[in-house]
Amino acid sequence: MAEKKRTPKKENPHTKHRTRTRNRYRRGGLEGFADHEVIEFLLYYVYVQRDTNEIAHNMLNKFGSLHNLFETDVEELMSTLNCTENIAVLLNLIPALANRYFRSKWSAGLILDDVEIAGQFAIDLFVGKTMELFYVLCLDKRHRLIHAALISEGTVDEVAVYSRKIAHEALKHKANYVILTHNHPSGTLRPSRGDLESTKHIVEGMKFIDIDVLDHIIVAGDTYYSFDARGQYVRGY
């Protein structure tokens, strides 16, 4: 009986291109990658056989930028891109993962005794956050970070209640000093009138419990505004 011939296994036509892309990444990270190439590369791990170049271009065209794409919620991604839940979750996971990475990176024995260090920490704290958040950073007498407490999500309407929450967290974590920080997802860096007034009230209120406010840092994207650097209201480092 004649031996049945085996059909040769089809090679993925995109294998060589994918290998070149991976080697390029291993040599220099994502430096030199265009935005669509970043998405294309990421999608290799979802689409085993398909050419992901066209899909990546389509995603970027619909959302305009990487941060718009990655910061869109899962349901909207599925609806706009007509993609599976797995793909939408993967895209949405990127900024959340980056935020978790940065918080882990800064966590061990961090000393915030300089505006540049505190500013960079604040920038990393808000990576991937699309709504306005307000944190109080509780520090010990050596300016070592004890805890980063989330105080509020969204706009603050009542300064008195806001101050009580900050005081509560500072006392709970036995802080000697605090740094206030919040983000402006709109991209506007300068403090609003409300930011100025609330900072002044909080600084005055914290004096009653003998805790100094070292700084208030506002983050917009990868830049920050420091009240201490401008000599406004706070004690400074």
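Just so it is clear, the structure is predicted and the values come from calculations on it, not from any experiment. Note that the numbering runs from 1 along the sequence shown for the chain.
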Nearest 0.5 angstrom please: [X] [atom1] to [Y] [atom2], how far?
| X | Y | atom1 | atom2 | result |
| --- | --- | --- | --- | --- |
| Asn68 | Leu60 | CG | CG | 9.5 Å |
| Ser186 | Glu132 | OG | CD | 8.0 Å |
| Asp124 | Ser104 | CG | OG | 12.0 Å |

Could you check if a side-chain atom of [X] sits within less than 4.5 angstrom of a side-chain atom of [Y], using non-hydrogen atoms only?
| X | Y | value |
| --- | --- | --- |
| Arg190 | Ile218 | no |
| Pro185 | Phe126 | no |
| Phe121 | Leu137 | yes |
| Ile55 | Arg50 | yes |
| Val115 | Tyr224 | yes |
| Val136 | Ile179 | no |
| His182 | Leu133 | no |

Throw together a table of side-chain donor-acceptor distances under 3.5 angstrom for residues 168-176, partners on residues two or more places apart or in other chains.
{"from": "Glu169", "atom 1": "OE1", "to": "His173", "atom 2": "NE2", "distance (Å)": "3.3"}
{"from": "Asn176", "atom 1": "OD1", "to": "Lys141", "atom 2": "N", "distance (Å)": "3.0"}

[X]: what forms a side chain to side chain contact (heavy atoms under 4.5 Å, CB included) with it, not counting sequence neighbours?
| X | result |
| --- | --- |
| Arg100 | none |
| Thr21 | His17, Phe33, Phe41, Tyr44 |
| Asp114 | Glu116, Ile117 |
| Thr130 | Glu71 |

In terms of hydrophobic clusters joined by side-chain contacts under 4.5 Å, are [X] and [Y] together?
| X | Y | value |
| --- | --- | --- |
| Val74 | Leu97 | no |
| Tyr135 | Met131 | yes |
| Ile94 | Leu43 | yes |
| Leu66 | Phe102 | no |

Minimum heavy-atom distance [X]-[Y], with the two atoms named:
| X | Y | result |
| --- | --- | --- |
| Val127 | Ala98 | CG1-CB, 3.8 Å |
| Pro95 | Gly128 | CB-CA, 3.4 Å |
| Leu112 | Ala118 | CD2-CA, 3.9 Å |

Which residues pass the side-chain hydrogen bond (donor to acceptor under 3.5 Å, both in side chains) test with [X], not counting sequence neighbours?
| X | value |
| --- | --- |
| Lys129 | none |
| Glu204 | Lys207 |
| Arg22 | none |

Please set out all donor-acceptor pairs under 3.5 angstrom arising from side-chain atoms of residues 77-91, sequence neighbours excluded.
{"from": "Thr80", "atom 1": "OG1", "to": "Glu76", "atom 2": "O", "distance (Å)": "2.9"}
{"from": "Thr84", "atom 1": "OG1", "to": "Ile87", "atom 2": "N", "distance (Å)": "3.3"}

Using atom types as modelled, flag every donor-acceptor pair under 3.5 Å from a side chain in residues 230-237 to any protein atom, sequence neighbours excluded.
{"from": "Arg230", "atom 1": "NH1", "to": "Ser226", "atom 2": "O", "distance (Å)": "3.2"}
{"from": "Gln232", "atom 1": "OE1", "to": "Tyr225", "atom 2": "OH", "distance (Å)": "2.7"}
{"from": "Arg235", "atom 1": "NH1", "to": "Asp212", "atom 2": "OD2", "distance (Å)": "3.0"}
{"from": "Tyr237", "atom 1": "OH", "to": "Asp215", "atom 2": "OD2", "distance (Å)": "2.7"}

Salt bridge flag under 4.0 Å for residues Glu37 and Arg24: yes
With a 3.5 Å cut-off and sequence neighbours excluded, list the donor-acceptor pairs that the side chains of residues 142-150 form with protein atoms.
{"from": "Arg144", "atom 1": "NE", "to": "Asp140", "atom 2": "OD2", "distance (Å)": "3.0"}
{"from": "Arg144", "atom 1": "NH2", "to": "Asp140", "atom 2": "OD2", "distance (Å)": "3.1"}

Give a yes or no answer on whether the side chain of Asn92 reaches the backbone of Thr72 with a donor-acceptor pair at less than 3.5 Å.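 Yes; judged by distance alone, with no hydrogens or angles, the pair exists.
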Pairs satisfying ring-ring contact (aromatic ring centres under 6.0 Å, His included), at least one member in residues 60-94, at least two apart: none
